[in-house]
Amino acid sequence: MSKPQPARGMRDILPTEAAIRDWVQAKILATYRRFGYTRIETPALENIQLLTGDDGGENAKLVFKVLKRGEKLDLAKPGMSEDDLVDLGLRFDLTVPLVRFFTTNRAQLPRVLKAIQIGPVWRAERPQKGRYRQFTQCDIDIIGLEEGLAEAELLVASAEALIAVGFEGFTIRLNDRRILTAIAAASGVEEARHGSVFITLDKLDKIGVDGVRKELAQQGFAEAQIDRLSTMLAGVDGISVEAFAKRLGASLDAKVPALIGEVLDAVGADAGNRYRVAFDPTLVRGMGYYTGPVFEIAQPGYDFSIAGGGRYDRMVGKLSGEEAPACGFSIGFERVVAVLMDKTFVPPAEAKLTALLVPEGTALARALTAARMLRSEGLAPSLFPLEKKLGRQLEGLQASGFTHYATLDGDGPPAIRAMKAPAR
RNA sequence: GCGGGCGUAGCUCAGUUGGUUAGAGCGCCAGAUUGUGGAUCUGGAGGUCGCCGGUUCAAUCCCGGUCGCUCGCCCCA
């Protein structure tokens, strides 16, 4: 007697969570609009070529692919491969579709596009705690601005959005892809293998220096390379970008630490004591498309990050042949909601949710009139038949969010009563 | 893609060293009592013990497979 379930890794959103999600989304959108960003939407499906290009990195392997339809789906043809059967895929992030959107609609868009996107993305990976195969992302991106102003504004706007939904005491970690490249180069790692060094480096806070050394050794890196790498990264906790740049010497362009330093100072000043911004040379970020500054926000007490982003200056050019600088910051909507659910957060109601209890035999017209009257007084009345066991009924209504009730008896206006605090 | 744990009532879980009719709490339904806030009492419905196969006189229990859920790894938000 197995009941139907949602597809693996997918989940239903129940009323309590849906209310939180609506509230979070409204807060985030309102914040971003005050920074001058405009909302855009792109389709859930994109042509498969866009998604399986090399810009998605590992994510490209996790695309949900969609079969061709009708005559184009010729299963009988010999020697069929997956590519022959598939022509569409579900987006795995919002950045690749945004770049496609920008190249498609460039003529009608402002020279500098500041876009908000909020919507579901899909990844065909194994579900796990806090990880689903469908999840919502909330991105802001700036296409058309070189590094500096864009990064500073994205960081501040995202931090303000998190503050607006009640987060505090978080830290924005900031690094730059070029600093990572310099670290790898100065350690004598050939360029083709930078990626795997970065991925291992990213785990430093989780597995420690010894863990990183061990993993690099397993991947076949030379003792000398590993030694140089760990010397460079020794005691970097809280190090200034200027001090760290000295360790790298000539392998790093001096403009990079200057830029990062300026962003840190500016955002730090704007933050005051509400949140922190810190340089972290071990911050990597998974996506292969990042070219410059990268950043991430973690919430104390949770081991996953709640926001991440960076600069991806090559992507537009790769797709359209015409370059445009781009930078974005993505809030992990699901994780923000998860944190609020943990706190059993209840969004403030706009109107008093009032159950209007209608005794048997009451004329429908009378019920509607009474409800209309309450609505005009700013309440949110909802009609239910009055049940025999009032206590039971009120308890149930209270559980689904009603804060007030009234019984429709007699001819006069119904008397609104507040629900009692739940008995313990 | 790789590894561990778990599938018994609507929910949370007991249980059987393999042996007639598989249990509790909560919830649900009906009635009584109360008579416009949760109480109490009585009665009731609801399970091919995830699915398929094997071992056995006998399987919810042991074995194999499968599906689902879950927690890690890889990777990621």
Side-chain angles (χ1 to χ4, degrees), chain A residues 1-11 14 24 56-63 91-95 117-139 158 162 195-196 198-200 202-203 206-207 211 215 218-219 283-290 294-299 302-310 328-339 355-360 384-399 402-410 414-415 417-424:
Chain A
M1 46 133 278
S2 62
K3 287 175 287 191
Q5 288 186 327
R8 153 167 268 204
M10 311 282 170
R11 64 202 193 90
L14 274 54
V24 168
E58 283 292 317
N59 289 329
K61 295 176 192 157
L62 305 172
V63 174
R91 63 184 180 198
F92 55 79
D93 74 2
L94 297 177
T95 307
Q117 295 185 88
I118 180 159
V121 302
W122 292 267
R123 291 182 195 171
E125 49 182 352
R126 186 119 182 204
Q128 220 177 103
K129 190 175 184 65
R131 281 174 66 174
Y132 298 95
R133 302 176 104 180
Q134 172 181 321
F135 57 96
T136 297
Q137 288 193 319
C138 186
D139 287 25
S158 297
L162 288 176
S196 56
F198 295 165
I199 286 166
T200 305
D202 199 19
K203 298 176 195 165
K206 233 187 205 172
I207 61 178
E215 200 169 307
Q218 276 167 3
Q219 289 167 16
L283 173 68
V284 175
R285 306 281 311 144
M287 300 303 187
Y289 49 63
Y290 290 127
V294 289
F295 24 85
E296 198 165 284
I297 300 178
Q299 174 73 359
Y302 292 86
D303 57 358
F304 48 67
S305 63
I306 53 174
F329 208 162
S330 172
I331 289 181
F333 185 82
E334 303 295 339
R335 292 180 171 178
V336 169
V337 171
V339 170
L356 190 49
L357 306 178
V358 182
E360 207 179 329
F384 297 91
L386 175 67
E387 290 173 13
K388 280 181 214 125
K389 300 195 177 189
L390 183 65
R392 282 272 164 86
Q393 184 174 20
L394 293 180
E395 202 178 339
L397 289 167
Q398 200 166 7
F402 284 88
T403 57
H404 293 74
Y405 75 100
T407 309
L408 190 60
D409 43 16
R417 281 183 256 188
M419 300 273 192
K420 284 185 198 164
R424 268 277 78 194

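Letters A, B, ... mirror the listed sequences (proteins, then strands); counts begin at 1. Since the structure is predicted, the reported quantities are computational estimates derived from the model, not experimental observations. Side chains included, hydrogens not; waters and symmetry mates left out as well; all remaining heavy atoms used.
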- Query: Nearest to the side chain of Leu390(A), which nucleotide is it out of C75(B), U70(B), U36(B)?
  - Reply: U36(B)
- Rounding to the closest angstrom, what is the interatomic distance between C51(B) and C13(B) at atom C1'? 22 Å
- Closest of C76(B), G37(B), C28(B) to the Arg392(A) side chain is C28(B)
- Query: Taking NZ from Lys129(A) and P from C73(B), how many angstroms apart are they, rounded to a whole number?
  - Reply: 13 Å
- Message: Can you check the distance between U34(B) and G50(B), where both ends of the measurement are the P atom (answer in whole Å)?
- Response: 46 Å
- Message: Rounded to whole Å, how long is the line connecting atom CZ of Arg131(A) with atom C1' of U70(B)?
- Response: 14 Å
- Note on the structure: Testing G31(B), U36(B), C75(B) for proximity to the side chain of Glu125(A), the answer is C75(B)
- Task: Measure distances between side-chain N and O atoms of Arg126(A) and base N and O atoms of G3(B), and say whether any donor-acceptor pair falls under 3.5 Å.
- Result: yes
- Message: So if I take every side-chain heavy atom of Gln128(A) and compare against C75(B), C74(B), G31(B), which nucleotide ends up nearest?
- Response: C74(B)
- Query: Picking from C75(B), G37(B), U36(B), which would you name as closest to the side chain of Tyr405(A)?
  - Reply: G37(B)
- Rounded to the nearest 0.5 Å, what's the gap from CD1 on Ile331(A) to CD1 on Ile297(A)? Could you check? 7.0 Å
- Thr407(A) side chain reached by Pro414(A) side chain, heavy atoms, under 4.5 Å: no
- Note on the structure: Glu387(A) atom CD is separated from C28(B) atom P, nearest whole Å, by 10 Å
- Item | Base-paired stems in RNA chain B, each at least three Watson-Crick or G-U pairs under 3.5 Å | B:1-7 with B:67-73, B:10-13 with B:23-26, B:28-32 with B:40-44, B:50-54 with B:62-66
- Task: To the nearest Å, give me how far apart CD (Glu296(A)) and P (C76(B)) are.
- Result: 11 Å
- Message: I want to check something: taking the side chain as every heavy atom from C-beta on, are Phe198(A) and Val284(A) in contact at a cut-off of under 4.5 Å?
- Response: yes
- Task: Specify the separation, in whole Å, of atom CG of Leu408(A) and atom P of U36(B).
- Result: 17 Å
- Item | Nearest-Å distance for atom pair NZ/P, residues Lys389(A) and G35(B) | 14 Å
- Quiz item: Arg285(A) side-chain donor-acceptor pair to C76(B) base, under 3.5 Å: no
- Message: Give me the distance, rounded to whole Å, that separates U17(B) from A58(B) when you measure between the C1' atoms they each carry.
- Response: 16 Å
Sort me out a list of protein N/O and nucleotides 44-46 of chain B N/O pairs below 3.5 Å, or just none if empty.
none

- Query: Asp202(A) has an atom CG; how far is it from atom C1' of C73(B), in whole Å?
  - Reply: 16 Å
- Message: Taking the P atom in each of A22(B) and U48(B), what is the distance between them to the nearest angstrom?
- Response: 13 Å
- Donor-acceptor pair, Glu334(A) side chain versus Phe135(A) backbone, under 3.5 Å? no
- Task: Ignoring hydrogens and angles, answer whether the base of G37(B) and the side-chain atoms of Gln398(A) contain a donor-acceptor pair closer than 3.5 Å.
- Result: yes
- Message: Holding to salt bridge (charged side-chain N to carboxylate O under 4.0 Å, His left out), I want the full list of residues that pass it with Arg131(A), two or more places apart in sequence or in another chain.
- Response: Glu125(A)
- At under 4.0 Å between heavy atoms, what does Phe333(A) touch on the DNA or RNA strands: base, sugar-phosphate, or nothing? nothing
- Taking the same atom, C1', in U8(B) and in C69(B), what whole-Å distance lies between them? 15 Å
- Query: Within the structure shown, what part of the strands sits under 4.0 Å from Ala418(A) by heavy-atom distance: base, sugar-phosphate, or nothing?
  - Reply: base
- Which one, G72(B), U36(B), G37(B), comes nearest to the side chain of Asp409(A)? U36(B)
- Item | Integer angstrom distance from the P of C6(B) to that of C61(B) | 15 Å
- Task: Would you give the length of the straight line joining atom CD1 of Ile207(A) to atom CG of Asp202(A), rounded to the nearest 0.5 angstrom?
- Result: 10.0 Å
- Item | Whole-Å P distance, G23(B) and G15(B) | 15 Å
- Message: Given U36(B), G38(B), C74(B), identify the nucleotide with an atom nearest to the side chain of Lys203(A).
- Response: C74(B)
- Query: Can you check whether Arg91(A) reaches Gln137(A) side chain to side chain, under 4.5 Å on heavy atoms?
  - Reply: no
- Item | Whole-angstrom distance between U55(B) and G18(B), as gauged at atom C1' | 12 Å
- Query: When we call it a touch if two heavy atoms are under 4.0 Å apart, what does Gly332(A) touch: a base, just sugar-phosphate, or nothing?
  - Reply: nothing
- Go through the steps for Asp93(A) and Asp139(A) under the test side-chain contact (heavy atoms from CB on, under 4.5 Å), then give the verdict. CA-CA 10 Å; Asp93(A) 74 2; Asp139(A) 287 25; over 6 Å; no
- Considering heavy-atom distances to RNA chain B, does Ala307(A) or Arg417(A) have its closest nucleotide positioned more toward the 5' end? Arg417(A)
- Task: Using atom NZ of Lys420(A) as one end and atom C1' of U36(B) as the other, report the distance to the nearest whole Å.
- Result: 11 Å
- Task: Tell me which nucleotide among C73(B), C69(B), G31(B) gets nearest to the side chain of Arg8(A).
- Result: C69(B)
- Roughly how far, to the nearest 0.5 Å, is the CD1 atom of Ile118(A) from the OG atom of Ser330(A)? 9.5 Å
- Going by the side chain to side chain contact (heavy atoms under 4.5 Å, CB included) test, name the single residue among Arg8(A), Arg11(A), Arg126(A) that passes it with Arg133(A). Arg8(A)
- Note on the structure: To the nearest 0.5 Å, atom CG of Leu390(A) lies from atom CG of Leu386(A) at 6.5 Å
- Task: Spell out, as yes or no, whether a donor-acceptor pair under 3.5 Å connects the side chain of Glu387(A) to the backbone of Gln393(A).
- Result: no
